[in-house]
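First the structure, in the form of structure tokens, and then the observations on it.
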Amino acid sequence: QVQLVESGGGLVQAGGSLRLSCAASGSAFSINTMGWYRQAPGKQRELVAAITSGGSINYADSVKGRFTSSRDSAKNTMYLQMNSLKPEDTAVYYCNAASTDWATGQEFDNWGQGTQVTVSS
């Protein structure tokens, strides 16, 4: 199994910036696509950004031009740089990683515990 640990959330004023990190750990696995999701109160969880193992990145329209995701495959770590934050970006942000167990070939969908991002107006 893969463990995902997010960090970097917090409280920021509108227009400010935050950087989230997600570190994957475990043994004998490979990480495929990694993604950031968020869930605001009373809303469904939505994709923010996703990075494939080949480095292709997709962003939600609502964050394009403001958020930048990157990935350090050697460290199994993913980042989300969030600039020009808006109150509507307030949510719990979750890291997700699709992994493959080397021994069995089984695929897993892994989630972090989430980190709160609050943007005040």
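Numbering of residues begins at 1 and proceeds along the displayed sequence.
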For [X] against [Y], the heavy-atom pair lying closest together:
{"X": "P87", "Y": "S121", "result": "CG-CB, 3.8 Å"}
{"X": "M78", "Y": "S69", "result": "CG-OG, 4.0 Å"}
{"X": "V117", "Y": "G9", "result": "CG2-CA, 4.2 Å"}
{"X": "T33", "Y": "A50", "result": "CG2-CB, 4.3 Å"}

Query - Verify same cluster id: V2, Y37 (apolar side-chain graph, 4.5 Å) - result: no
Report task. Flag yes if L18 and V5 sit in one hydrophobic cluster, no otherwise; membership is Ile, Leu, Val, Met, Phe, Trp, Tyr, and two members link when side-chain heavy atoms are under 4.5 Å apart. Result -> no
Pairs involving [range], ordered by first then second residue, that meet disulfide (SG to SG under 2.5 Å) (sequence neighbours left out):
{"range": "residues 37-97", "value": "C22-C95"}
{"range": "residues 46-76", "value": "none"}
{"range": "residues 60-94", "value": "none"}

Distance, nearest 0.5 Å, that separates [atom1] of [X] from [atom2] of [Y]:
{"X": "N32", "Y": "S99", "atom1": "CG", "atom2": "OG", "value": "7.0 Å"}
{"X": "L80", "Y": "T115", "atom1": "CG", "atom2": "OG1", "value": "11.0 Å"}
{"X": "T77", "Y": "M34", "atom1": "OG1", "atom2": "CE", "value": "7.0 Å"}
{"X": "I31", "Y": "L4", "atom1": "CD1", "atom2": "CG", "value": "6.5 Å"}
{"X": "R38", "Y": "E88", "atom1": "CZ", "atom2": "CD", "value": "8.5 Å"}

Looking at residues at least two apart in the chain, or sitting in another chain, which of them share a side-chain contact (heavy atoms from CB on, under 4.5 Å) with [X]?
{"X": "A60", "result": "S62, V63"}
{"X": "V92", "result": "Y94, Q116"}
{"X": "Q44", "result": "none"}
{"X": "D109", "result": "N96, W111"}

Query raised in the report: Are N83 and S17 linked by a side-chain donor-acceptor pair shorter than 3.5 Å?
Result: yes
Report task. Go through the steps to decide whether R66 and D89 satisfy the test side chain to side chain contact (heavy atoms under 4.5 Å, CB included), and finish with yes or no. Result -> CA-CA 11 Å; R66 300 187 299 121; D89 294 318; 2.7 Å; yes
Query raised in the report: Got a sec, which pairs hit salt bridge (Lys or Arg N to Asp or Glu O under 4.0 Å) with one end in residues 69-84, sequence neighbours left out?
Result: none
Query raised in the report: What ring pair (Phe, Tyr, Trp, His ring centres under 6.0 Å) pairs are there with at least one residue in residues 49-81, not counting sequence neighbours?
Result: none
**Report entry** side chain to side chain contact (heavy atoms under 4.5 Å, CB included) between D101 and F29, intermediate numbers included
**Finding:** CA-CA 5 Å; D101 184 281; F29 67 94; 5.8 Å; no
Report task. For W102, check ring pair (Phe, Tyr, Trp, His ring centres under 6.0 Å) against everything at least two apart and list the hits. Result -> none
Requested in this report: Take L20 and M82, measure what side chain to side chain contact (heavy atoms under 4.5 Å, CB included) needs, and give me the verdict at the end.
Outcome: CA-CA 8 Å; L20 305 183; M82 305 185 293; 3.7 Å; yes
**Report entry** N/O donor-acceptor pair under 3.5 Å between T52 side chain and G55 backbone
**Finding:** yes
Query raised in the report: Does E6 reach the main-chain N or O of G114 with its side chain, forming a donor-acceptor pair under 3.5 Å?
Result: yes
Query - salt bridge (Lys or Arg N to Asp or Glu O under 4.0 Å) partners for R19, two or more places apart - result: none
**Report entry** Qualifying residues under salt bridge (Lys or Arg N to Asp or Glu O under 4.0 Å), relative to K86, sequence neighbours excluded
**Finding:** none
